[in-house]
Amino acid sequence: MSMHEIKLPIIDLSDYLFSDSPDRKADVIAQVRDACKQFGFFQLKGHGIPLTLQHELLKSLDTLFKMPAEEKLKLSYLENPCRRGYEASGMSMRDGDPLPDSKEAYYIGREDPVVELSGFYGPNLWPNLPENEFRGPVWEYYQQTSKLGRCIWEVLLQGLGYSTDVMETFARRPLVQMKLIRYPPPKSTLPGQFGVGAHNDFGGVTVLLQQPGKEGLEVWLEDRQAWLSIPAQEDVFVINCGDMIMKWSGGRYKSVKHRVINKSDAERLSCATFWHGDVFATNPLNPDDESKETVGQLLVKRFRNQMSLPKEGLAQVGMA
Ligand SMILES: O=C(O)CCC(=O)C(=O)O
Ligand SMILES: [Fe+2]
């Protein structure tokens with residue numbers, strides 16, 4: 001098979017969500033399992049998230065990122081105890097990257113009434129925009145993609161022969177982080193600068209919405225030693241597994257390296273919802289796993305420097 005014939009499968013979730021037939025559900029579970037074993041990624045339709053909501057969400061991103069730079073900087077995520085808020089272009093860089101990412105981003109998470117576990121459970125930082133232009137659609141979309149992320153976890157569990165019962169403890173108060181992203185047009189990025197440099201997602205399931213027609217995401221194919229471009233199709237989400245899933249599944253599900261190079265001639269918007277699990281939960285993909293590492297501990301290991309997590313939060317998950 002030549003490179004241009006390789007495509008991520010497009011899986012239709014509607015049989016899993018709405019069919020009464022166990023065979024049809026089992027078929028979806030098998031398709032997801034095979035895609036996550038082979039690519040660590042797949043595309044998803046029939047997910048039940050209304051197209052109108054996806055459009056409203058993208059409009060909210062546009063409104064947010066068009067705010068004056070000085071207003072956005074007042075909302076810096078580094079000043080927020082739960083790391084919610086704004087990250088300017090040029091703030092993220094991974095070891096070995098020649099230049100920082102060109103993207104700007106905004107982080108939303110669980111809406112807990114008070115900062116209870118610094119860095120994890122607490123309220124969001126909402127920009128001063130009319131409810132119907134930002135918070136309304138963004139929060140509705142957060143809840144719907146959270147539900148979808150949980151559903152994909154259930155499918156992944158069944159793909160390895162486990163019952164979905166473990167989700168009850170795993171999803172008690174799940175950490176679900178959402179990242180609203182804007183990639184500037186190529187003419188305003190430096191030569192050799194990526195939108196997001198090559199990385200693996202850290203945690204659980206990622207649910208990604210790309211602005212339709214704005215390609216940019218590339219996924220690494222280890223066996224070909226080549227990058228595969230992922231189309232940005234309307235109403236089709238991209239789903240992938242993070243490192244925690246790869247570790248917890250004993251490598252049966254892959255976490256695969258990916259990067260973003262904005263290939264349109266204008267800006268590109270996207271939104272990623274990362275569904276990790278309850279901060280104190282242990283491995284649901286193998287409930288007999290000897291390692292009792294929690295979601296919170298794994299998260300902190302990876303992000304303590306990058307997110308400069310507060311000390312109290314580290315202590316509360318046993319990582320001070
Ligand atoms: O914007 C995209 O298409 C992907 C973003 C991504 O990989 C990430 O934020 O982890
Ligand atoms: Fe990613």
Side-chain angles (χ1 to χ4, degrees), residues 8 36 39-44 54 57-58 60-62 64-65 77 83-97 100-109 138 141-142 145 148-149 152 175-186 189 193-221 227-246 253-264 266-276 298-299 302-303 306-307:
L8 288 185
C36 292
F39 296 105
F41 271 82
F42 61 93
Q43 299 180 92
L44 188 72
Q54 298 170 45
L57 187 266
L58 290 169
S60 300
L61 265 74
D62 186 51
L64 171 82
F65 291 119
Y77 77 116
R83 299 295 175 257
R84 315 289 167 78
Y86 179 68
E87 179 189 339
S89 174
M91 280 172 78
S92 289
M93 189 158 159
R94 280 150 298 272
D95 287 346
D97 283 359
D101 294 344
S102 70
K103 64 140 203 301
E104 56 181 324
Y106 198 92
Y107 298 98
I108 305 278
V138 169
Y141 180 88
Y142 176 90
T145 47
L148 179 59
I152 304 293
L175 291 172
V176 183
Q177 190 191 34
M178 190 160 98
K179 190 164 143 198
L180 318 177
I181 318 169
R182 174 184 177 270
Y183 299 91
T189 54
Q193 186 178 29
F194 293 105
V196 178
H199 67 281
N200 291 59
D201 288 350
F202 147 74
V205 166
T206 305
V207 174
L208 174 76
L209 174 69
Q210 307 181 81
Q211 189 179 7
K214 301 285 180 86
E215 279 196 20
L217 177 64
E218 296 185 335
V219 172
W220 181 245
L221 299 179
W227 291 101
L228 176 69
S229 278
I230 310 303
Q233 283 166 264
E234 177 139 279
D235 210 18
V236 176
F237 284 80
V238 176
I239 310 288
N240 65 290
C241 299
D243 289 347
M244 194 171 79
I245 290 191
M246 179 149 110
Y253 293 139
K254 280 192 195 156
S255 162
V256 169
K257 188 163 74 173
H258 52 286
R259 66 182 188 185
V260 175
I261 304 168
N262 182 2
K263 290 174 190 157
S264 77
E267 67 171 21
R268 171 183 188 267
L269 302 173
S270 71
C271 181
T273 306
F274 304 97
W275 205 106
H276 298 311
L298 286 167
L299 221 148
R302 172 82 173 255
F303 287 116
Q306 191 185 334
M307 298 295 253

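Counting starts at 1 for both ligands and their atoms, following the listed order. All values reported here derive from a predicted model rather than from experimental measurement.
When side chains are defined from C-beta on, P184 does not count as touching E267, because their heavy atoms never get closer than 4.5 Å. Counting heavy atoms from C-beta on, the side chains of Y77 and Y86 never come closer than 4.5 Å.
The distance from the CZ atom of F194 to the OH atom of Y183 is 12.5 Å, given to the nearest 0.5 Å. Taking CG of D101 as the start and NE2 of H199 as the end, the distance is 8.5 Å to the nearest 0.5 Å.
Residues with a heavy atom under 4.0 Å from ligand 1: K179, I181, Y183, H199, D201, L208, L217, H258, V260, R268, S270, F274.
Checking K257, R302, K254 one by one against D243, the salt bridge (charged side-chain N to carboxylate O under 4.0 Å, His left out) holds for a single residue, R302.
Within the 3.5 Å criterion, the main-chain N or O of G242 finds no donor-acceptor partner in the side chain of N200. The backbone N or O of Y107 sits nowhere less than 3.5 Å from a side-chain atom of Q177 that would complete a donor-acceptor pair.
Counting just the N/O/S atoms of H199, the one with the shortest distance to the Fe ion (ligand 2) is named NE2. Its N, O or S atom nearest to the Fe ion (ligand 2) is what matters here, and for D201 that atom is OD1.
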